[in-house]
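In what follows, every heavy atom counts, from backbone to side chain, and hydrogens, waters and symmetry copies are set aside.
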Amino acid sequence: MKKIVIITLILLSGLSVWYLFIKEHDYKVSFKVKGTPGSVYHQIISWESWGPDPKIKNITTIDTALFEMVYQKVKLKDTILNLEWSLESVSDSITKIEVGVTSNEHSVINRLGILTGETAYTRSLKRELKEFGKRVNDFARNFRIKIEGISEIPSLQYLYVSSKSSRFGKAGMMLRANADLYPSILENGVEESGAPFVKVTAWDIVSDDIKFNFGFPIIHKDSLPTNAIIKYDKSPAQKALKATFYGNYRNSDQAWFALIEYAKRRNILVKKKPLEIFYNNPMHEGNASQWKAEIFLPIK
């Protein structure tokens, strides 16, 4: 009997040491959101404010594993919180998030408090992370993405303007390119043969910077208004994954992440050089929820 008591005490002591001093996180929160890991990843690393005051920028991203993990520090008045985010795809449009949280200064006290039930510490963590999850879901409600599967990018001959920006800056650069290109097409009597498009020529997926051509498909003629800014090119049809996007075109790149995830889950090798074809004119059509774009991701 005495031996059993001693063994039990040793096990309890070991468990206590592990729980208080070795266990990786004080607390872990798990939840699911609407969106792909790529989309959620970028929303995490752009999150700057922990707490009720959005003016206080107290979140710093320390390390990342692209679309899979984010490690952040949150500077509060009495402690620094360490957040370790883990992202896992549940389906083509749902991501499971796990956040392990550790306090630099109050880890042992927090762990002891958690043993007695919910504490002010755990309530504050849940509140902040619940608010983050709500923002992610609210963002996803701004658009719809329908994956069409394997399709084909149409052959194109076109006039275009080259641009480069961050992925977030794509919409603004499209407007600038259109201001250069479209008046020249009208003035020179060039006949369009399709809807305007963006063809990404380079995407640094780590820095999230892109280079792209904004163009109009045309019917070729001998005299085209080409110059140092406006250029002509043509491209053959190409096998690709296709998605249909409905919503404001500033969010159309969310379909890129949806197609990347679709390809990953099905072991399809793709080139991360999306092509977007836009079927609505934002200058004339106010209901952005009805704007349609076809998004293609070339298959290797």
Side-chain angles (χ1 to χ4, degrees), residues 34-36 38-40 42-43 91-94 136-161 163 165-179 181-182 185-186 190-201 203 210 212-219 235 237-263 266 268 270-299:
K34 185 170 176 58
T36 62
S39 175
V40 176
H42 282 288
Q43 292 179 74
S91 70
D92 291 335
S93 60
I94 300 295
V136 173
N137 288 326
D138 287 346
F139 175 64
R141 280 191 278 270
N142 289 324
F143 52 84
R144 289 184 294 123
I145 299 171
K146 181 182 179 183
I147 304 292
E148 309 284 358
I150 295 176
S151 184
E152 187 177 76
I153 297 173
S155 60
L156 297 167
Q157 53 179 335
Y158 55 95
L159 291 174
Y160 70 95
V161 172
S163 301
S165 71
S166 66
R167 179 175 53 84
F168 293 106
K170 173 173 68 76
M173 294 305 293
M174 282 170 54
L175 291 174
R176 290 187 187 183
N178 185 63
L181 181 57
Y182 191 62
I185 288 176
L186 290 179
V190 179
E191 187 175 350
E192 299 169 46
S193 63
F197 65 90
V198 158
K199 184 178 184 181
V200 175
T201 57
W203 178 16
I210 60 173
F212 64 91
N213 297 332
F214 175 80
F216 280 87
I218 61 163
I219 295 175
S235 58
Q238 185 177 5
K239 192 176 181 183
L241 293 179
K242 177 184 176 183
T244 303
F245 173 90
Y246 298 94
N248 194 302
Y249 290 153
R250 68 170 176 261
N251 297 322
S252 60
D253 48 30
Q254 294 302 308
W256 305 1
F257 297 116
L259 287 171
I260 288 172
E261 190 58 36
Y262 180 91
R266 290 159 181 82
I268 300 172
V270 293
K271 299 176 183 177
K272 295 182 176 67
K273 295 182 177 181
L275 182 136
E276 306 180 312
I277 302 176
F278 306 103
Y279 290 97
N280 298 84
N281 186 341
M283 305 299 290
H284 300 152
E285 301 178 48
N287 187 1
S289 66
Q290 299 303 311
W291 298 354
K292 173 185 171 182
E294 290 178 339
I295 316 297
F296 298 89
L297 203 59
I299 293 174

For residues 145-158, run the donor-acceptor check on the side chains, cut-off 3.5 Å, and write out each pair with its distance to 0.1 Å, sequence neighbours left out.
from	atom 1	to	atom 2	distance (Å)
E148	OE2	T244	OG1	2.7
Q157	OE1	Y232	OH	2.9

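Heavy-atom neighbours of R266 CZ from other residues, nucleotides or ligands within 6.0 Å: above the threshold of 12.
The structure places CG of N178 at 13.5 Å from CZ of R176, a figure rounded to the nearest 0.5 Å. Interatomic distance, T201 OG1 to I210 CD1, rounded to the nearest 0.5 Å: 8.5 Å.
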* side-chain hydrogen bond (donor to acceptor under 3.5 Å, both in side chains) assessment of S163 paired with K170 -> CA-CA 9 Å; S163 301; K170 173 173 68 76; over 6 Å; no
* For the pair N251 and F245, evaluate side-chain contact (heavy atoms from CB on, under 4.5 Å) and give the outcome as yes or no after the intermediate values. => CA-CA 9 Å; N251 297 322; F245 173 90; 4.0 Å; yes
* **Criterion side-chain contact (heavy atoms from CB on, under 4.5 Å) on F139 and Q254, from CA distance to verdict** => CA-CA 11 Å; F139 175 64; Q254 294 302 308; 3.6 Å; yes
* Asked: Hey, mind stepping through E294 and F197 against side-chain contact (heavy atoms from CB on, under 4.5 Å) and telling me if it holds?
  -> CA-CA 9 Å; E294 290 178 339; F197 65 90; over 6 Å; no
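No side-chain heavy atom of W291 sits less than 4.5 Å from a side-chain heavy atom of N281. Counting heavy atoms from C-beta outward, R167 and W256 have side chains that approach closer than 4.5 Å. Here the side chains of L297 and Y262 are not in contact, with every heavy-atom distance at 4.5 Å or above. T36 has its side chain out of reach of D92: every pair of non-hydrogen atoms, C-beta onward, lies at least 4.5 Å apart. Residues L275 and I295 have side chains not in contact (no heavy-atom distance under 4.5 Å, counting atoms from C-beta outward). Side-chain contact between L181 and L159: present, with at least one pair of heavy atoms (C-beta onward) separated by less than 4.5 Å. Taking 4.5 Å as the limit, some side-chain heavy atom of E192 sits within range of a side-chain heavy atom of I185. Counting only heavy atoms from C-beta outward, the side chains of V161 and N213 never approach each other to under 4.5 Å.
Minimum interatomic distance between A293 and Y279 (heavy atoms only, all atoms of both residues): CA-CD1, 4.4 Å. Taking every heavy atom of both residues into account, P298 and A240 meet most closely at CA-CB, 3.8 Å. S165 and M173 make their closest contact through CB-CG, 3.5 Å (heavy atoms, listed as atom of the first residue, atom of the second, distance). A pairwise comparison of heavy atoms in A243 and L259 identifies CB-CD2, 3.8 Å as the closest pair.
For F143 and Y246, the ring centers are positioned 6.0 Å apart or more. Ring-centre distance between Y182 and F216: below the 6.0 Å cut-off.
Remark: the backbone N or O of R250 is paired with a side-chain donor or acceptor of N248 at under 3.5 angstrom. Put simply, the side chain of N137 gets close to the backbone of K34: a donor and an acceptor are under 3.5 Å apart. A side-chain donor-acceptor contact under 3.5 Å links N280 to the backbone of K292.
Contacts of F257 classified as ring pair (Phe, Tyr, Trp, His ring centres under 6.0 Å), with partners at least two apart in sequence or in another chain: H42, F67, W203.
Judged purely by distance below 3.5 Å, without hydrogens or angles, the side chains of E276 and Y249 never pair a donor atom with an acceptor atom.
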